[in-house]
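See below for the structure under consideration.
Lettering of chains follows the sequences in order, A, B, ..., and the numbering in each one begins at 1.
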Number of protein chains: 2
Amino acid sequence: MTSRLGAIEFRHLRYFTAVAEARSFRAAAQQLHVSQPPLTRQVQQLEELLGLVLLERQPRGVELTAAGVVFLEEARNLLALADLAIDRTQMAAQGQLGRLDVGVYGSAVFDAIPRVIQAFRSAYPKVEVVLHNLDRAGQIKALRERRLTVGFNRFFVEEPDLVWDVVLAEALNVALPAGHRLVSRSQLTIADLSGEPLVVYPRTPRPSFIDQVLGLFHRRHLTAQVVQEVDDVVTAIALVSSGFGLTMVSDSALNLRLPGIVYRPLERNEALIDLCMIRRAEDDSALLRAFIDVVRKVLPQRPGNG
Amino acid sequence: MTSRLGAIEFRHLRYFTAVAEARSFRAAAQQLHVSQPPLTRQVQQLEELLGLVLLERQPRGVELTAAGVVFLEEARNLLALADLAIDRTQMAAQGQLGRLDVGVYGSAVFDAIPRVIQAFRSAYPKVEVVLHNLDRAGQIKALRERRLTVGFNRFFVEEPDLVWDVVLAEALNVALPAGHRLVSRSQLTIADLSGEPLVVYPRTPRPSFIDQVLGLFHRRHLTAQVVQEVDDVVTAIALVSSGFGLTMVSDSALNLRLPGIVYRPLERNEALIDLCMIRRAEDDSALLRAFIDVVRKVLPQRPGNG
DNA sequence: CGGCTGCGATACCGGATCGGTATCGTCAGC
DNA sequence: GCTGACGATACCGATCCGGTATCGCAGCCG
């Protein structure tokens with residue numbers, strides 16, 4: 001890339017623009033708060049660098065040549081764009097401009113995450129937010145490779161270079177087929193589900209939501225009767241509506257309204273399911289801090305380990 | 001207009017861009033053929049002027065901050081635009097870029113002028129050509145006020161600060177109603193028209209085409225029987241087609257094809273009508289020179305007074 | 001017609017700033 | 001813990017910038 005810029009500097013543009021607009025070296029010198037000789041010298045140097053005459057010196061001032069007319073317009077443009085560039089850079093430094101890559105996975109995409117993203121978008125409209133559907137392993141890999149800024153997942157193993165926060169504790173609900181006998185109850189307990197056929201998810205990655213659900217039974221020395229393992233909550237709900245059995249979903253998944261499906265809350269002290277946010281420990285960018293602030297404002301907060 | 005540019009110069013952008021792209025001060029120094037310390041100093045100064053940190057210095061090189069990512073993009077952009085600005089300025093100096101205001105009037109707009117403009121547009125596609133319909137007085141005024149670069153008209157009085165060239169000598173033709181007795185002749189003379197009712201134009205400005213036509217008769221001691229004076233050639237042709245009489249038109253006007261109108265040429269040695277080009281005597285711009293060259297190439301040329 | 005005035009260009013000077021060399025502090029890797 | 005590579009710093013000479021003083025020139029006015 002061989003540039004024709006040579007040694008032209010913004011100073012040349014500033015000085016030339018002032019002279020061209022004032023149609024006078026002396027008047028421009030006053031406006032710029034410098035004396036007149038430096039203006040003469042800088043404009044001469046600019047003309048020499050361009051190999052062109054930009055101004056016609058005349059007894060009562062200066063006139064623009066055709067090249068001068070064009071260069072004046074270009075110089076004004078460049079100066080204005082340089083100002084904008086500085087503005088944009090300073091906005092970026094304040095986290096108001098840039099790109100935020102967010103990893104998402106699981107049922108939180110149906111409620112909690114959309115609320116967060118919407119709030120962030122309206123608070124920081126010039127930040128481009130990109131969502132990536134990645135499971136936990138994929139999020140961790142992408143975070144390390146800088147392809148992700150934050151990730152949301154149900155829980156995380158400890159990683160030395162990463163930090164996680166629990167940003168939301170959601171209650172659990174049972175999804176039942178419309179005619180099921182438990183539909184008559186307004187609240188359920190884990191014990192109510194003992195012996196009921198269960199559809200569980202996700203099959204991978206492990207450990208994850210599935211293990212938390214099964215743990216609820218084991219902790220109470222109850223037996224979970226798993227009839228089907230599926231990939232995601234949507235498939236699980238579909239199977240429930242087909243009469244395969246019951247399944248457990250977080251509050252976020254209540255937005256998944258399918259015909260023939262009824263949700264009943266689990267008693268709140270029975271179990272809570274965490275939503276976690278993971279990020280690089282050394283990432284102290286203003287953009288990430290701004291995002292975390294929005295998350296804490298939008299979601300009922302709980303302390304993390306970071 | 002208070003700029004936030006401060007004392008930022010293109011040098012800062014060039015150096016920062018090189019360092020940011022190479023992710024290394026030393027490597028950038030090699031590419032730029034300078035030593036490493038000046039790079040450190042210029043980047044430090046740039047960061048100080050912006051009040052921001054653009055680079056994170058690390059043991060194995062440098063990483064960009066969020067602000068650095070944005071500023072790198074902006075700086076590249078500015079450097080590329082500066083190059084383009086220089087290109088455009090140099091094109092302007094060569095007459096390849098700019099704006100050409102052309103004054104036109106009379107029947108030449110139907111043939112000679114369109115041919116010139118089309119040739120110029122294809123040779124200088126980045127020059128904006130603007131046509132202005134102005135009579136001779138209007139053209140002279142606009143030329144003096146720099147609103148016009150050149151003007152075309154049928155003939156000009158001498159003006160001290162203006163220069164004119166005859167750029168085309170067109171033959172004359174007679175426009176006849178379809179059933180007229182002279183239609184049977186393939187060529188006509190002025191004498192053939194003696195006693196015929198004539199429609200003449202333009203009423204103003206004077207002197208102009210009308211006076212040249214009437215002069216043809218007076219020179220031969222013939223009588224021109226003027227039945228109607230009108231503003232322009234189009235109106236004259238319309239009256240001819242209505243049977244008012246005959247009228248004289250230049251070659252250019254032969255493109256005006258109306259039903260019921262027949263054109264017959266005047267013998268070539270009977271009369272020629274000039275097309276003149278007028279311009280400022282002191283205008284030696286490359287753009288005007290380029291236009292004159294095109295005119296001379298497109299139109300059969302004759303020497304002018306300039 | 002000659003002095004005056006206002007313009008840009010030039011000469012020259014002191015200080016700021018640039019780029020160069022040499023060197024330091026620091027962290028990673030063997 | 002040594003070594004090597006990186007960026008930062010110290011210092012120096014040369015350049016470049018901006019300032020003052022002055023020149024050359026053209027239009028203006030009495």
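- Here A:Ser24 reaches the OP1 or OP2 of C:dG8: one of its side-chain N or O atoms lies under 4.0 Å away.
- Residue B:Arg57 places at least one side-chain N or O under 4.0 Å from the OP1 or OP2 atom of D:dA8.
- In this structure, A:Glu48 places its CD atom 15 Å from C1' of C:dA9, rounding to the nearest Å.
- Between the side chain of A:Arg26 and the base of C:dG6 there is no donor-acceptor pair of N/O atoms closer than 3.5 Å.
- Around CD of A:Glu21, the count of heavy atoms belonging to other residues, nucleotides or ligands within 6.0 Å exceeds 12.
- Neither OP1 nor OP2 of C:dG8 sits under 4.0 Å from any side-chain N or O of A:Thr40.
- B:Arg11 and B:Gln42 are linked by a side-chain donor-acceptor pair at a separation below 3.5 angstrom, with hydrogens and angles left out of the test.
- Looking at which nucleotide of DNA chain C each of A:Arg60 and A:Arg41 is closest to, the 5′-most match is held by A:Arg60.
- At a threshold of 4.0 Å, the pair B:Arg99-A:Glu73 does not count as salt-bridged, since none of the basic side-chain nitrogens sits closer than that to a carboxylate oxygen.
- The side chain of A:Gln42 places an N or O atom within less than 4.0 Å of a non-bridging phosphate oxygen (OP1 or OP2) of D:dG18.
- Distance CD (B:Gln44) to P (D:dA10): 10 Å, rounded to an integer number of Å.
- Using a 4.0 Å cut-off, some side-chain N or O of A:Tyr15 falls inside it from OP1 or OP2 of D:dG18.
- OP1 or OP2 of D:dG19 lies within a sub-4.0 Å distance of a side-chain N or O belonging to A:Ser35.
- When distances run from any side-chain atom of B:Arg11 to the nucleotides D:dG27, C:dG8, C:dG19, the shortest one goes to C:dG19.
- Rounding to whole angstrom units, NE2 of residue B:His12 and C1' of C:dT17 are separated by 10 Å.
- Minimum atom distance to the side chain of B:Pro37 is reached by C:dT21, of the listed C:dT21, C:dC18, C:dA9.
- Within the 4.0 Å cut-off from OP1 or OP2 of C:dT17, not a single side-chain nitrogen or oxygen of B:Gln45 is found.
- Regarding A:Phe10, its CZ atom lies at a distance of 16 Å from the P atom of D:dC17, rounded to whole Å.
- The nearest whole Å value for the distance from the CG atom in B:Leu46 to the C1' atom in D:dA8 is 17 Å.
- Of the candidates C:dA9, D:dG7, C:dA28, the closest approach to any side-chain atom of A:Phe25 belongs to C:dA9.
- By the 4.0 Å N-to-carboxylate-O rule, B:Glu48 lies too far from B:Arg41 to be salt-bridged with it.
- In this structure, A:Gln58 places its CD atom 16 Å from C1' of C:dA9, rounding to the nearest Å.
- The residue B:Glu56 sits apart from the nucleic acid: no heavy atom pair falls under 4.0 Å.
- Across all strands shown, B:Glu9 has no heavy atoms under 4.0 Å from either base or sugar-phosphate atoms.
- Residue A:Phe16 is tested with A:Leu39, A:Leu50, A:Leu55 for a side-chain contact (heavy atoms from CB on, under 4.5 Å); the sole match is A:Leu55.
- Note on A:Gln36: a base of the nucleic acid sits closer than 4.0 angstrom, heavy atoms only.
- Salt bridge B:Glu282/B:Arg146: present, at least one basic N to carboxylate O contact under 4.0 Å.
- Put simply, CG on A:Leu39 is 13 Å from P on D:dC17, counting in whole angstrom units.
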